[in-house]
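Reckoned from all heavy atoms, side chains included, excluding hydrogens, waters and symmetry mates.
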Amino acid sequence: IKSIYQIWSASDSLLELRQGIDGVRYSHLSGYLLITLVIITVLCCAIVLPLNFHGTNEYTSFGKLCITNLDPHSSILWVHYTLAPLYLLLILIVVWMYTGELGAVKLEESERVCILRNVDVSWSETVVWEYFRVRGLEDKIIDIQLGYDVSMLYSLISEKGGGTEDGYPCYIK
């Protein structure tokens, strides 16, 4: 319980520092979902359950609280038919509010990634810097990190008989 309270009481900047921007977004989404859950629960407990309880069909104690306790031709079924689209509308509004908040989040530098494909393996970081300099983009580049396609490594491992039973490579024999 203490860790849940720490997460909910943490500021966005502290949460971003500890968990990154994904932690902040997850925290906001959880908040929106919790508010939606509370609203739907209150409406169900205050309106739907009392109506279902006054139905005429005889069931177990749980069955008295379900819609099956109502007669199919009952005049109070309109409440169920009205609340269901209202719940959907509430969820759509919550999703709209959450996605609107996402647009306001600034992109981190690490989220701006440019991937160059089919680059000669002999290229070094200096050659890549020169590539961007010639195109007048050197002032927009913060950092260059070279990555390599490991599919050749995986094929080599499978040719040599390495790997586990589930197909994941683990060593070369």
Side-chain angles (χ1 to χ4, degrees), residues 1-49 52 62 65-67 79-121 123-155 157-158 163-170:
I1 302 278
K2 184 179 178 183
S3 61
I4 293 173
Y5 174 74
Q6 288 174 345
I7 291 172
W8 283 101
S9 63
S11 67
D12 285 351
S13 58
L14 178 63
L15 196 58
E16 185 174 355
L17 181 65
R18 289 185 179 173
Q19 303 295 326
I21 193 68
D22 290 337
V24 174
R25 289 179 181 169
Y26 179 76
S27 173
H28 288 193
L29 176 64
S30 298
Y32 280 115
L33 292 177
L34 187 63
I35 290 169
T36 305
L37 179 68
V38 166
I39 292 171
I40 290 176
T41 302
V42 167
L43 286 174
C44 284
C45 289
I47 298 172
V48 176
L49 286 181
N52 290 348
F62 179 74
L65 301 176
C66 297
I67 194 171
V79 176
H80 288 277
Y81 299 142
T82 305
L83 283 178
L86 288 177
Y87 292 152
L88 177 64
L89 183 64
L90 173 68
I91 291 170
L92 289 175
I93 289 171
V94 167
V95 168
W96 174 69
M97 290 171 55
Y98 176 70
T99 56
E101 182 180 294
L102 285 180
V105 177
K106 282 181 63 178
L107 288 178
E108 293 292 314
E109 292 172 357
S110 63
E111 291 178 327
R112 289 182 260 159
V113 176
C114 175
I115 299 176
L116 301 176
R117 298 183 63 147
N118 300 325
V119 176
D120 190 354
V121 180
W123 278 26
S124 66
E125 196 172 311
T126 335
V127 175
V128 177
W129 275 109
E130 181 64 21
Y131 172 84
F132 285 112
R133 189 192 65 72
V134 168
R135 284 158 181 75
L137 300 172
E138 74 274 3
D139 57 334
K140 296 182 181 181
I141 305 298
I142 297 171
D143 186 25
I144 292 178
Q145 295 179 3
L146 300 177
Y148 301 96
D149 185 6
V150 294
S151 60
M152 196 168 160
L153 176 64
Y154 285 129
S155 64
I157 290 172
S158 62
T164 60
E165 292 176 2
D166 55 3
Y168 291 105
C170 61

Apply salt bridge (Lys or Arg N to Asp or Glu O under 4.0 Å) to Glu125 and list each qualifying residue two or more places apart in sequence or on a separate chain.
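Counting only residues at least two positions away or on another chain, Glu125 forms no salt bridge (Lys or Arg N to Asp or Glu O under 4.0 Å).
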For Thr82, what residues pass the side chain to side chain contact (heavy atoms under 4.5 Å, CB included) criterion, not counting sequence neighbours?
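For Thr82, the residues satisfying side chain to side chain contact (heavy atoms under 4.5 Å, CB included) (neighbours in sequence not counted) are Trp78, Leu86.
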So do [Y] and [X] actually touch side chain to side chain, heavy atoms under 4.5 Å?
X	Y	result
Leu89	Ile93	yes
Tyr98	Leu33	no
Val48	Leu83	yes
Ser124	Trp129	no

Ile47 and Val79: side chain to side chain contact (heavy atoms under 4.5 Å, CB included), yes or no, with the steps?
CA-CA 8 Å; Ile47 298 172; Val79 176; 3.7 Å; yes
[atom1]/[X] to [atom2]/[Y] distance, rounded to the nearest 0.5 angstrom?
X	Y	atom1	atom2	answer
Leu90	Leu43	CG	CG	8.0 Å
Thr99	Tyr32	OG1	OH	9.0 Å
Thr41	Leu49	OG1	CG	10.0 Å
Cys44	Asn52	SG	CG	9.0 Å

May I have the step-by-step check of side chain to side chain contact (heavy atoms under 4.5 Å, CB included) for Thr36 and Tyr87, ending in yes or no?
CA-CA 9 Å; Thr36 305; Tyr87 292 152; over 6 Å; no
Would Arg135 pass as a cation-pi partner of Tyr131, given that its NZ or CZ must be under 6.0 Å from the six-membered ring centre and within 45 degrees of the axis?
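Yes.
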Is it the case that more than 12 heavy atoms not belonging to Tyr26 sit under 6.0 Å from its OH atom?
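Check fails, neighbour count at 12 or below.
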